[in-house]
Structure formats: structure tokens, C-alpha cells
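Taking it in order: structure first as C-alpha cells, then the write-up.
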Amino acid sequence: MRKRSAPGARRPGWRSGPGRRRTGGEVLFGDQVGIRSDQVTGRTWGVKGTAPVVRRTGNRFSVNAMSAISTRGRMHFVIFTESFDAKVMCRFLARSTGHFDHKIHLIADRHSAHRSKTVRAWLAKHKEEIELHFLPSY
């Protein structure tokens, strides 16, 4: 004879977590970052009475990334050298939706590229795959 579960008890294998239970989707937290090859130097030392000189090479470069991490620790990102705009955001959204077979809930800040007409139009075409949520203003 099988033992019955108490009413309201969790079923074995029932997955809980933000977004999973109610919507069947996955929650991602996204943000963009810029990285430069030259270090931002703070204090240094020098001979008393002369200005200190910090030697650097002239070969500097920068790279940018848009990334998102899920509540389960999965990381999704796109790396680019141009400035962050709506076109890059749409490319990131397209890549992210291709990695999942269920709906994504992306939580992001209120960057102008996230709120642009281009991104809103892209999201309207893909509303079954992804939904964008904004953090509250500061």
C-alpha cells in the first residue's frame, strides 16, 4: 500500500524557483560592461619635488559585453567592440532565446538601448520566447 502525501505537500521532482513555478520560464539578470586593456592607475610614487611618470604602451584596446546570468547559474553573453546600442541588444536577445526551449524573463536596468523602439519592436515579434522586465529607477 502506498503512503499518501499530505494535502499541499510537494510532489517529488517538482521544480521550484523564480519564474519556474508560475510561468514555466527562466529568469535571467542582464547587464552590459566595458573592459579596457589599460589599467586605471591610482596613486604612485616619485622623487620628492618631481611629478611621477607612469610608463604605458600606446597599444590600448577595449571590448564590451552584454551578459545575463540565470538563477541556476547559467551564463549567456555576447562580446562586441562597437558601442552598446539597440542593434547589439537585439543580437543578444536573439542569441539568448536560441539557447532555451521555454520562455525567458530577462531583468535589466533602464538603459536607453533596452527601452528603444527597435528593441520593443523585436520583443513584440518574440513575445512567446522572451519578456523584458526593468528594475525600478533609482
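Computed from a predicted model, the values in this text were never measured in an experiment.
F77 does not carry R95 over the face of its six-membered ring by the limits of under 6.0 Å from the centre and within 45° of the normal.
For the pair F80/M66, a side-chain contact is recorded, criterion being any heavy-atom separation below 4.5 Å from C-beta on. Considering only heavy atoms from C-beta on, C90 comes within 4.5 Å of V119 through its side chain. R74 has its side chain within reach of H99: a pair of non-hydrogen atoms, C-beta onward, lies under 4.5 Å apart. In this structure, S67 and H76 have side chains that are not in contact, with every pair of non-hydrogen atoms separated by 4.5 Å or more. Here the side chains of R115 and R120 are not in contact, with every heavy-atom distance at 4.5 Å or above. Residues I107 and L28 fail the side-chain proximity criterion, which asks for heavy atoms closer than 4.5 Å. Looking only at side-chain heavy atoms (C-beta outward), F84 and N64 stay at 4.5 Å or farther from each other.
Salt-bridge check for E131 with K103: passed, with a basic side-chain N closer than 4.0 Å to an acidic carboxylate O.
Interatomic distance, OG of S96 versus CE of M89, reported as 8.0 Å (0.5 Å rounding). Here the CG atom belonging to D109 is positioned 5.0 Å from the CG atom belonging to D31, to the nearest 0.5 angstrom.
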Step-by-step side-chain contact (heavy atoms from CB on, under 4.5 Å) determination, L135 to F29: CA-CA 10 Å; L135 292 170; F29 298 92; 5.9 Å; no

Stepwise side-chain contact (heavy atoms from CB on, under 4.5 Å) check, E129 with H102: CA-CA 7 Å; E129 301 168 35; H102 49 268; over 6 Å; no

side-chain contact (heavy atoms from CB on, under 4.5 Å) evaluation trace for L93 with L123: CA-CA 9 Å; L93 294 172; L123 288 168; 4.1 Å; yes

Stepwise side-chain contact (heavy atoms from CB on, under 4.5 Å) check, I130 with W122: CA-CA 10 Å; I130 190 166; W122 192 95; 3.7 Å; yes

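Side-chain atoms of R110 never come within 3.5 Å of backbone atoms of P136 as a donor-acceptor pair (strictly under, hydrogens ignored). Between the side chain of S37 and the main chain of F61, a donor-acceptor pair closer than 3.5 Å is present.
Around atom CD of E82, more than 12 heavy atoms belonging to other residues, nucleotides or ligands sit under 6.0 Å away.
Minimum heavy-atom separation, S116 to A86: OG-CB, 3.1 Å.
In the hydrophobic clustering of this structure, V63 groups with M75; members are Ile, Leu, Val, Met, Phe, Trp, Tyr whose side-chain heavy atoms approach within less than 4.5 Å, directly or through other members.
Outside the 6.0 Å centre-distance limit, the rings of H114 and F92 are not counted as a close aromatic pair.
Under the 3.5 Å distance criterion, with hydrogens and angles disregarded, no donor-acceptor pair is assigned to the side chains of E26 and H105.
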